[in-house]
Amino acid sequence: MGIVKPLDCSNGLVAEAIKSIANNNYLEQLLDYRHPLGMPYHRMAASKWMQRFSMDAPVENIAITSGGQNALTLILISLFHPGDKIAVVTYTYPNFIELANILNIQLIPIEGDEVGMMPERLDAACRTNQLQGIYIVPSCNNPTAVTMDMNRRKDIAEIIKKHELILIEDDIYSFLAPEGYLPVSHFVPERFIYILSIAKSLSSGMRVAFIAYANSFVEKITYGIFNINIKTSALNAEVITELINTGVADRIIRDKKEMAKVRNKLYQKYFQITNPHENPLSFFRWLPLSQLYQLKQFEQNALAHGIHVYHSDRFLAKKDESAQFIRISLTSAKDVDELDRGLCLLKRLLLDTE
């Protein structure tokens, strides 16, 4: 229950799409260097998929990358410099933390409440630090599972405009957000880069993400893609385009949401969700610990009892042990029975250590 896997049982449908494409007479056209930003009809499919989640951007402002992490790398290298500062919520995506460390970009943690990053704290940080950007995962923050409501999204957008920050919006969990929620990018059309990875929604192994960006970033992002990626695999993008255009993608996310609903209901058999703004379909849960542990002590203790979970220290942009949590993946167990056994073991372990 450590790594958040994307319910890969839907990969049979992805495999069927691959077999179908392999038998087409245009296969060779997908195997060359043309269209570094993505073939035109692949970018049209990207636009269609973004619109599915209330994000509207011109096709010429959309590119295809080799997954979400690749998109983040391209953005940081293309638009930021060593020493630049980017605001993140206190508990944030650990791979973004490590990527920033590699590139010598400083992350400034901003306190959050039950609906996400607090705009007044962001505003204060902008006044005391020379911030260049902000990184958020508003549909289901990893690791806290918090979903920003529309009022908070608008408030954060106002601070972005006020201080002219570059918004990096990672909407990997958009398919789990309430219908009709507008991305923060919608409110800052001159300051945004929007990332829509398909790793959790459709297939993790295909390594495809769609990015949209403001006009002011077109030149630098294009330059970055040319010199870092050369291009994203058109074959992989073709598979995702096939899923989108045939409606199979919609079927996959419907199935995943149903499975997520069942697993979250099972979680609540053992643990209470106290924050109503946590995404009810989240692939993971954020559980407070009643006592403090040394770094990774709890993880090692849990592993000795046959349970793999992640301690909150992994997700801190700046180390602070005033409160501790564990992130519990609900989607890495192979089935509901295995998850039930894992949650039962975890509950027993927590009762024994209190």
Side-chain angles (χ1 to χ4, degrees), residues 30 32-87 96 99-100 103 105 131-138 153 156-172 174 182-198 207-234 236-238 240-241 244:
L30 303 173
D32 59 27
Y33 270 149
R34 291 182 301 159
H35 305 296
L37 301 181
M39 298 183 76
Y41 73 97
H42 291 165
R43 293 163 79 185
M44 289 175 65
S47 175
K48 177 181 178 180
W49 194 238
M50 286 183 181
Q51 289 171 3
R52 171 78 169 73
F53 306 108
S54 303
M55 180 62 197
D56 200 3
V59 172
E60 57 268 24
N61 287 46
I62 292 174
I64 301 175
T65 69
S66 300
Q69 193 67 19
N70 174 241
L72 290 171
T73 304
L74 283 163
I75 291 162
L76 291 188
I77 292 175
S78 301
L79 301 179
F80 295 88
H81 302 91
D84 280 356
K85 297 177 181 178
I86 297 176
F96 187 76
L99 177 58
L103 297 175
I105 291 172
L131 295 181
Q132 283 74 36
I134 174 175
Y135 170 75
I136 54 173
V137 188
R153 292 176 187 226
I156 291 293
E158 288 303 311
I159 305 301
I160 290 170
K161 288 188 284 188
K162 176 182 176 181
H163 295 283
E164 298 185 339
L165 302 178
I166 298 173
L167 168 63
I168 307 169
E169 183 168 14
D170 187 346
D171 218 9
I172 186 171
S174 59
L182 294 170
V184 179
S185 296
H186 174 83
F187 303 104
V188 287
E190 304 301 321
R191 309 295 311 166
F192 80 94
I193 306 100
Y194 176 84
I195 307 170
L196 188 59
S197 167
I198 56 85
R207 307 314 302 148
V208 170
F210 306 135
I211 62 172
Y213 34 85
N215 288 331
S216 55
F217 304 135
V218 168
E219 185 177 347
K220 287 185 177 180
I221 288 178
T222 301
Y223 181 80
I225 289 174
F226 283 1
N227 289 284
I228 296 170
N229 281 13
I230 309 298
K231 70 168 290 179
T232 296
S233 166
N236 291 21
E238 176 72 14
I240 302 307
T241 296
I244 293 168

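These numbers come from the heavy atoms of this one structure, side chains and all, not from hydrogens, waters or symmetry mates.
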Legend entry - Close side-chain approach of M55 and I62, heavy atoms under 4.5 Å: no
Inset, instruction - Given side-chain contact (heavy atoms from CB on, under 4.5 Å), test L167 with I136 step by step and report yes or no. - result: CA-CA 8 Å; L167 168 63; I136 54 173; 3.8 Å; yes
Legend entry - Contact list for residues 207-228, test salt bridge (charged side-chain N to carboxylate O under 4.0 Å, His left out), sequence neighbours left out: none
Legend entry - Heavy-atom side-chain proximity of V59 to P40 below 4.5 angstrom: no
Legend entry - Close side-chain approach of W49 to I240, heavy-atom, < 4.5 Å: no
Inset, instruction - Could you tell me whether the side chain of Q69 reaches within less than 4.5 Å of the side chain of L99, counting heavy atoms only? - result: yes
Legend entry - Where at least one partner belongs to residues 52-67, residue pairs that pass salt bridge (charged side-chain N to carboxylate O under 4.0 Å, His left out), sequence neighbours excluded: R52-D250
Inset, instruction - Hey, could you give me the CZ/CD1 distance between F217 and I211, rounded to the nearest 0.5 Å? - result: 11.5 Å
Inset, instruction - List for me each residue that meets side chain to side chain donor-acceptor pair (under 3.5 Å) alongside N215, sequence neighbours excluded, and say none if there are none. - result: N61
Inset, instruction - Walk me through it: do I195 and I75 pass the test side-chain contact (heavy atoms from CB on, under 4.5 Å)? - result: CA-CA 10 Å; I195 307 170; I75 291 162; 3.6 Å; yes
Inset, instruction - Taking side chain to side chain donor-acceptor pair (under 3.5 Å) as the test, write out the residues that go with Y41, two or more places apart. - result: E238
Inset, instruction - Compare every heavy atom of L30 with every heavy atom of A234, then report the nearest pair and how far apart it is. - result: CB-O, 3.5 Å
Inset, instruction - Find the distance between CZ (F210) and OG1 (T241) and round it off to the nearest 0.5 Å. - result: 5.5 Å
Inset, instruction - Would you please name every residue forming a side chain to side chain donor-acceptor pair (under 3.5 Å) with Q132, sequence neighbours left out? - result: none
Inset, instruction - Kindly give the heavy-atom pair with the smallest separation between A214 and R191, and that separation in Å. - result: CB-N, 4.0 Å
Inset, instruction - Write down the atom of G67, the atom of A209, and the distance for their closest heavy-atom approach. - result: C-CB, 3.4 Å
Legend entry - Closest approach of I64 to G38 (non-hydrogen atoms, all atoms of both residues): CD1-CA, 4.1 Å
Inset, instruction - Could you check L131 against H163 for side-chain contact (heavy atoms from CB on, under 4.5 Å), going step by step and ending with a plain yes or no? - result: CA-CA 8 Å; L131 295 181; H163 295 283; over 6 Å; no
Legend entry - Atom CD of Q51: over 12 foreign heavy atoms under 6.0 Å: yes
Legend entry - Closest heavy-atom pair and its distance - A157, F187: CB-CB, 3.5 Å
Legend entry - Side chains of L79 and I168 in contact at under 4.5 Å (non-hydrogen atoms): no
Legend entry - Residue of the set I221, L74, L72 for which side chain to side chain contact (heavy atoms under 4.5 Å, CB included) holds with I193: I221
Legend entry - For S185, side chain to side chain donor-acceptor pair (under 3.5 Å) partners two or more places apart: E169
Legend entry - Atom pair CG (D32) and NZ (K231), whose distance is rounded to the nearest 0.5 Å: 5.5 Å
Legend entry - Between CD1 on residue I225 and CD1 on residue I230, distance to nearest 0.5 Å: 11.5 Å
Inset, instruction - Apply side-chain contact (heavy atoms from CB on, under 4.5 Å) to the pair V184 and F192, showing each step before the final yes or no. - result: CA-CA 8 Å; V184 179; F192 80 94; over 6 Å; no
Inset, instruction - State, yes or no, whether a side-chain contact exists between F96 and L76 at a heavy-atom distance under 4.5 Å. - result: yes
Inset, instruction - State the CD1-NE2 distance between I105 and H81, to the nearest 0.5 angstrom. - result: 9.5 Å
Legend entry - Closest contact, heavy atoms only, G224 versus S78: CA-OG, 3.4 Å
Inset, instruction - Rounded to the nearest 0.5 Å, what's the gap from NZ on K85 to CG on L165? Could you check? - result: 13.0 Å
Legend entry - Min side-chain heavy-atom separation N227-I77 under 4.5 Å: no
